[in-house]
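Just so it is clear: chains get the letters A, B, ... in the order the sequence lines come, proteins before strands, and each one is counted from 1. Treat the numbers as computed from the prediction; the structure is a model and nothing was measured.
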Amino acid sequence: MSQVYDPREIEKRWQAKWHEDRTFRTPNPGDSDFDPDRPKYYVLDMFPYPSGAGLHVGHPIGYIGSDVVARRARMQGHNVLHPMGFDAFGLPAEQYAIETGVHPGEFTRANIDTYRRQLQMLGLSYDWDRELATCDPEYYRWTQWIFTRLFDRGLAYQAEVPVWWCEALKTVLANEEVINGRSERGDHPCERRMLKQWMLRITAYADRLIDDLDHVDWPDSVKTMQREWIGRSEGAEVDFRLELEGAEPLTVFTTRPDTLHGATFMVLAPEHPMVAALATEDQRSAVQEYVRQAQVKSDLERTDLAKSKTGVFTGSYALNPLLDPSSPEARVPIWVADYVLMGYGTGAIMAVPGHDERDHEFATQYGISISQVVAPEGGEPDPEVCFTGSGVAVNSGELDGLSTEDAKARAIELLSELGTGRPKVTYRLRDWLFSRQRYWGEPFPVVHAEDGAVHRVSDDELPIQLPDVDDYAPAADGSAPLARATEWLKASTADGAPATRDTDTMPGWAGSCWYYLRFMDPHNATAPFDEEVQRYWGNVDLYVGGVEHAVLHLLYSRFWHKVLYDEGLVSTPEPFQKLFNQGMLTAFAYKDSTGRLIPTDQVDVSEEGGKSKETGEPLDQVISKMSKSLRNVVNPDEVIEEYGCDTFRLYEMFMGPLSDSKPWNPRDVPGCRRFLDRVWRLFVDEAGDSSVRGQLLEEDCEGEATEALERHLNRAIKRINDSFGPFNFNTGIASLMTFVNEATKAPEAFTRSQAQRFALALSPFAPHITEELWSRLGGEESVSKATWPEVDDRFLQDAEYELVVQIRGKLRGKVMVPKGADKGALEAAAREAVEELLAGQEVVKVVVVPERLVNFVVK
RNA sequence: GGGGGAGUGGCGGAAUCGGUAGACGCAUCGGCCUUAAAAGCCGAAGUCCGCAAGGACGUCCGGGUUCGAGUCCCGGCUCCCCUACCA
């Protein structure tokens with residue numbers, strides 16, 4: 001039998017054995033083999049949406065990183081929960097179904113199979129017994145169950161909200177599907193329509209979603225993004241009386257009630273319900289035309305800062321509540337402009353052009369008067385400048401002289417006394433639009449009674465399964481595909497009255513809101529998860545995924561988790577204790593002299609750089625995202641086929657810190673394979689016929705060379721350990737390489753114990769080769785169940801070290817000195833080393849840093 | 001416009017507290033082995049000047065603090081990611 005390293009054979013064999021032995025099965029509390037004495041560790045990857053294209057080499061980098069963590073945690077004696085599943089409802093499968101008529105479930109299953117195969121090929125130590133897919137009725141049964149809890153708590157409601165409607169496609173489109181007011185697919189015109197939609201009252205949790213960020217170990221950037229997304233701002237609501245007969249006052253929200261005296265006009269969002277009533281006879285047609293145009297503008301167009309602001313005067317006036325109604329300043333014109341958004345605050349503002357950039361721009365453009373009511377601290381108001389900072393109130397009646405902070409408080413007091421204002425906290429965060437008129441999603445577990453009342457179905461009716469339909473596209477009248485399932489629609493209320501089912505489905509985010517909880521107890525048929533099991537696993541200790549989910553998924557998930565916490569179903573207020581974002585894996589792409597991108601398969605790569613295969617023209621190498629259109633996507637199957645999975649894993653971890661974005665360089669991959677070859681040959685004589693070198697089966701030898709290796713090995717294990725904090729496994733791997741380089745120079749000094757510890761330390765990164773070597777060394781059980789090696793501090797220190805000698809901070813010599821030598825001895829040794837250079841110089845100062853250097857400062 | 005991150009050899013990157021800049025890997029060059037090549041093993045290598053010993057310069061640019069700065073402070077440039085009229 002050949003003793004040559006053959007990763008293909010080894011990897012296949014061990015993967016089969018892991019599968020057969022269920023090596024990575026994780027027992028739960030209650031299972032016979034569960035060991036309650038071990039601490040728990042839950043390390044989770046953000047599960048993927050299984051697209052038709054399969055994985056490219058960028059996808060698994062986070063999975064490999066978390067697998068390395070999981071494997072070491074197991075070896076350190078933890079009960080490790082490390083599962084994988086699939087986020088399987090969603091638009092791509094649905095679109096494919098509409099185009100082909102194939103059931104989206106069928107398409108999704110096939111994609112899941114591809115993904116599972118690819119993931120298993122990577123040797124990831126998931127407990128596959130816990131695999132789940134969000135489109136499985138046994139899973140979405142509990143997604144619906146959780147929805148009913150939200151419904152019971154009044155957190156789910158239906159409301160008329162503006163949504164994008166495309167007449168040509170007869171469907172509602174998501175914001176990101178609309179570009180410049182036209183559909184992304186087909187380029188058809190779109191408009192906003194008021195439609196009845198399911199909403200989740202996430203705003204009720206806004207403060208807790210902000211405050212509890214203080215208790216999780218997340219990157220500051222992500223915390224900041226979430227805080228800003230929620231966008232809490234404190235201010236006041238102010239009522240402006242209208243001149244219009246019998247009209248209710250117009251309420252605005254402002255964060256600067258102190259500037260009320262400087263409000264020279266008001267602005268309503270085009271969608272504001274009072275717009276029509278406020279448009280006077282001679283302004284009516286202009287207002288109507290403006291509102292119509294705003295309707296078809298996309299969010300992007302409306303918010304494009306490069307554009308100048310637009311608006312139109314309604315013809316009506318309001319009265320400033322803090323001014324004498326008879327004074328001319330009290331009377332402010334009301335405008336309509338699309339820089340005011342209906343979705344924020346009250347959809348109406350008091351405009352203070354003296355102290356707000358946007359209002360200033362608008363006022364300047366339309367010739368509206370500007371007044372200064374805040375002066376900079378210790379300065380005079382400058383009518384030329386829009387001063388948005390804090391200062392002192394001026395021209396503001398009894399607020400005059402107060403600091404901005406005090407003036408705000410005083411203004412709110414005055415308004416409260418008058419009954420025309422009140423303190424108010426507003427959030428940028430809106431309630432969550434939770435329904436889509438689509439097929440491939442969770443049906444809502446509710447029925448509509450004939451009287452219009454909405455009843456949630458009882459728990460024992462769940463799951464409300466998706467019915468089969470023959471056409472997945474929305475109907476011509478815009479109704480959802482589920483409306484076609486006429487039989488399925490027939491239902492009844494709890495007391496037997498006839499009712500119809502809801503034809504909307506939940507959005508793609510729903511299933512991913514709680515999957516980490518289902519992983520704890522994935523086959524539970526009577527509850528989403530067992531309470532005791534949940535209490536044991538607690539929350540996710542380490543959650544690894546891309547920054548693209550920094551806001552939405554993580555916010556929605558935290559919201560659901562908090563609702564479940566309030567229900568008493570989960571024991572922690574937050575779902576993910578530590579969050580880690582892996583960096584993006586980029587790839588080389590090539591540009592010609594005109595800046596056009598050339599697909600990688602049309603480029604000749606040589607030492608001098610890239611050249612076009614077609615024209616021979618030299619090309620510029622740039623680094624960019626992997627994408628189909630650049631044809632610079634690298635497929636992991638091919639890399640594994642050529643070099644083996646251990647090489648692939650090792651390379652991805654060796655490229656650099658896990659959090660950094662870095663380019664895949666095919667030329668670097670063989671270096672990692674060479675390292676594994678060297679490891680193999682250190683253990684196995686490829687020319688011989690024994691399973692490992694003879695000395696590795698014998699008692700440890702001793703000697704100077706062995707002791708030197710021992711120092712390298714301990715240093716390597718220490719650096720590996722250190723690399724788990726910042727996730728820079730590249731440094732740990734580098735020290736393993738150094739060890740192998742040293743051991744290769746003195747192979748006879750390499751002992752059995754060192755071989756074992758080395759295999760253990762390498763095993764999280766290269767699990768297959770180490771599994772093989774471990775068993776060849778006589779290991780009976782999987783290397784993944786062995787104990788992580790200890791570092792012996794005695795071997796981290798050398799008896800001597802190299803002392804650096806500097807003159808005026810410049811390196812001028814080096815000298816070996818014994819460890820622990822006192823400063824005087826160090827200085828003497830250093831002085832001797834640079835004696836000639838110091839001759840005739842006046843030393844004015846000597847800096848002695850033990851363990852480091854001696855610096856002579858000369859004149 | 002706002003927020004976050006980064007800038008070190010030909011390339012990916014290393015440098016724990018302010019203390020030898022460039023670990024480890026790739027690419028390159030040389031040697032050994034071989035009839036030869038590949039593989040493997042051993043070694044060289046920041047740039048410039050010099051036969052050499054040696055010297056000067058060097059972590060995006062300009063200042064500063066310090067015996068000493070890739071690291072700390074001030075000012076500027078470039079790139080990447082996120083976000084964007086939120087009153």
Determine the interatomic distance between C1' on B:G12 and the same-named atom on B:G22; round to the nearest Å. 13 Å

For A:Ile61 and B:G12, what is the distance between atoms CD1 and P respectively, to the nearest whole Å? 15 Å

Would you indicate what A:Lys814 reaches in the nucleic acid, counting non-hydrogen atoms under 4.0 angstrom: base, sugar-phosphate, or nothing? base

Of the listed nucleotides B:G19, B:G3, B:A14, the one nearest the side chain of A:Val847: B:G19

I need the CG-P distance between A:Asp359 and B:A87, as an integer number of Å. 12 Å

Rounded P spacing from B:C73 to B:A21 in Å: 22 Å

Between A:Val547 and A:Trp229, who's closer to the 5' end of RNA chain B by nearest nucleotide? A:Val547

Without placing hydrogens or testing angles, list every side-chain donor-acceptor pair under 3.5 Å for residues 826-835 of chain A, not counting sequence neighbours.
residue	atom	partner	partner atom	Å
A:Glu827	OE2	A:Arg831	NH2	3.1

Taking atom P of B:G3 as reference, at what distance in whole Å does atom CZ of A:Arg428 sit? 15 Å

Measure from the side chain of A:Leu853, starting at C-beta and using heavy atoms only, and say which of B:A15, B:C57, B:G19 lies closest. B:G19

Can you tell me the Watson-Crick or wobble partner of B:A39, both distances under 3.5 angstrom? none

Please, which pairs that meet salt bridge (Lys or Arg N to Asp or Glu O under 4.0 Å) have at least one residue in residues 654-666 of chain A, sequence neighbours excluded? none

Given the C1' atoms of B:C24 and B:A14, what is the spacing between them in whole Å? 8 Å

On the 0 to 90° scale, with breaks at 30° and 60°, tag the A:Phe683-A:Phe758 ring pair as parallel, tilted or perpendicular. tilted

Carboxylate-amine/guanidinium proximity below 4.0 Å for A:Glu405 and A:Lys408: no

How is A:Arg430 classified with respect to the nucleic acid when contacts are heavy atoms under 4.0 Å: base, sugar-phosphate, or nothing? base

Aromatic plane relationship, A:Trp432 with A:Tyr556 - under 30° parallel, 30 to 60° tilted, over 60° perpendicular: parallel

List for me each residue that meets side chain to side chain donor-acceptor pair (under 3.5 Å) alongside A:Asp6, sequence neighbours excluded, and say none if there are none. none

Nearest-angstrom distance from the residue atom CE of A:Met655 to C1' of B:C11: 12 Å

Taking only the side-chain heavy atoms of A:Met225 (C-beta and beyond), determine which of B:G12, B:A87, B:C82 contains the nearest atom. B:C82

Report which part of the nucleic acid A:Thr586 touches: base, sugar-phosphate, or nothing (heavy-atom distance under 4.0 Å, all strands). nothing

Any residue of residues 256-264 of chain A with a heavy atom less than 4.0 Å from an atom of RNA chain B: none

Let's test this: given Watson-Crick or G-U wobble pairing with both distances under 3.5 Å, identify the partner of B:G1. B:U83

Just N and O in the side chain of A:Lys845: are any of them under 4.0 Å from OP1 or OP2 of B:C67? yes

Starting from C1' on B:G1, measure out to CD on A:Glu361 and report it in whole angstrom. 12 Å

Quick one: A:Arg227 CZ to B:G4 C1', roughly how many Å, whole number? 14 Å

Side-chain donor-acceptor pairs under 3.5 Å in residues 807-814 of chain A, sequence neighbours left out?
none

Kindly say whether, by distance alone, the side chain of A:Lys745 makes a donor-acceptor pair under 3.5 Å with the base of B:C41? no

When you compare B:G18 with B:C67, how far apart are their C1' atoms, in angstrom units rounded to a whole number? 12 Å

Touch class at under 4.0 angstrom, heavy-atom based, for A:Arg852 against every strand present: sugar-phosphate

Please name the nucleotide paired to B:G62 by Watson-Crick or G-U wobble geometry with both distances under 3.5 Å, or report none. B:C74

Can you build the contact string for nucleotides 21-26 of chain B? Use B for base contact, S for sugar-phosphate-only contact, and - for no protein heavy atom under 4.0 Å. --BBBS

Give me the ring orientation class for A:Phe727 and A:Phe729: parallel if the planes are under 30° apart, tilted from 30 to 60°, perpendicular past 60°. perpendicular

Tell me whether B:G9 sits syn or anti, counting syn as a glycosidic angle within 90° of 0. syn

Does the side chain of A:Tyr651 come under 3.5 Å of the side chain of A:Asn665 through a donor N or O and an acceptor N or O? no

Looking at every strand, decide which applies to A:Val857 at a 4.0 Å heavy-atom threshold: base, sugar-phosphate, or nothing. sugar-phosphate

Does A:Tyr651 or A:Leu837 map to a spot on RNA chain B nearer the 5' end, using the closest nucleotide for each? A:Tyr651

Just to be sure I understand the rule, does A:Glu802 reach a base, reach only the sugar-phosphate, or reach nothing, if contact means heavy atoms closer than 4.0 Å? base

Taking a pair as Watson-Crick or G-U wobble with both distances under 3.5 Å, which nucleotide is matched to B:G54? B:C49

Please name all residues satisfying side chain to side chain donor-acceptor pair (under 3.5 Å) with A:Arg227, sequence neighbours left out, ordered by chain then number. A:Asp214

Using the P atoms only, state how far B:C26 lies from B:C79, rounded to an integer number of Å. 33 Å

In whole angstroms, the gap separating P of B:C85 from CD of A:Glu228 amounts to 13 Å

Taking syn as within 90° of 0 and anti otherwise, name the glycosidic form of B:C17. syn

Atom C1', compared across B:G55 and B:C61: separation rounded to whole Å: 26 Å

Taking the C1' atom in each of B:G68 and B:A84, what is the distance between them to the nearest angstrom? 45 Å

Taking pairing as Watson-Crick or G-U wobble with both contacts under 3.5 Å, can you name the mate of B:C26, or confirm there isn't one? B:G10

Pairing of A:Lys718 and A:Asp722 as salt bridge, 4.0 angstrom limit: yes

Taking atom P in both B:C17 and B:G2, what distance in whole Å separates the two? 32 Å

What residues form a side chain to side chain donor-acceptor pair (under 3.5 Å) with A:Arg693, not counting sequence neighbours? none

Sequence neighbours excluded, which residues qualify as side chain to side chain donor-acceptor pair (under 3.5 Å) partners of A:Ser390? none

B:C82 phosphate, OP1 or OP2, under 4.0 Å from A:Ser221 side-chain N/O: no

Just how far, in rounded Å, is P of B:C82 from CD1 of A:Ile230? 20 Å

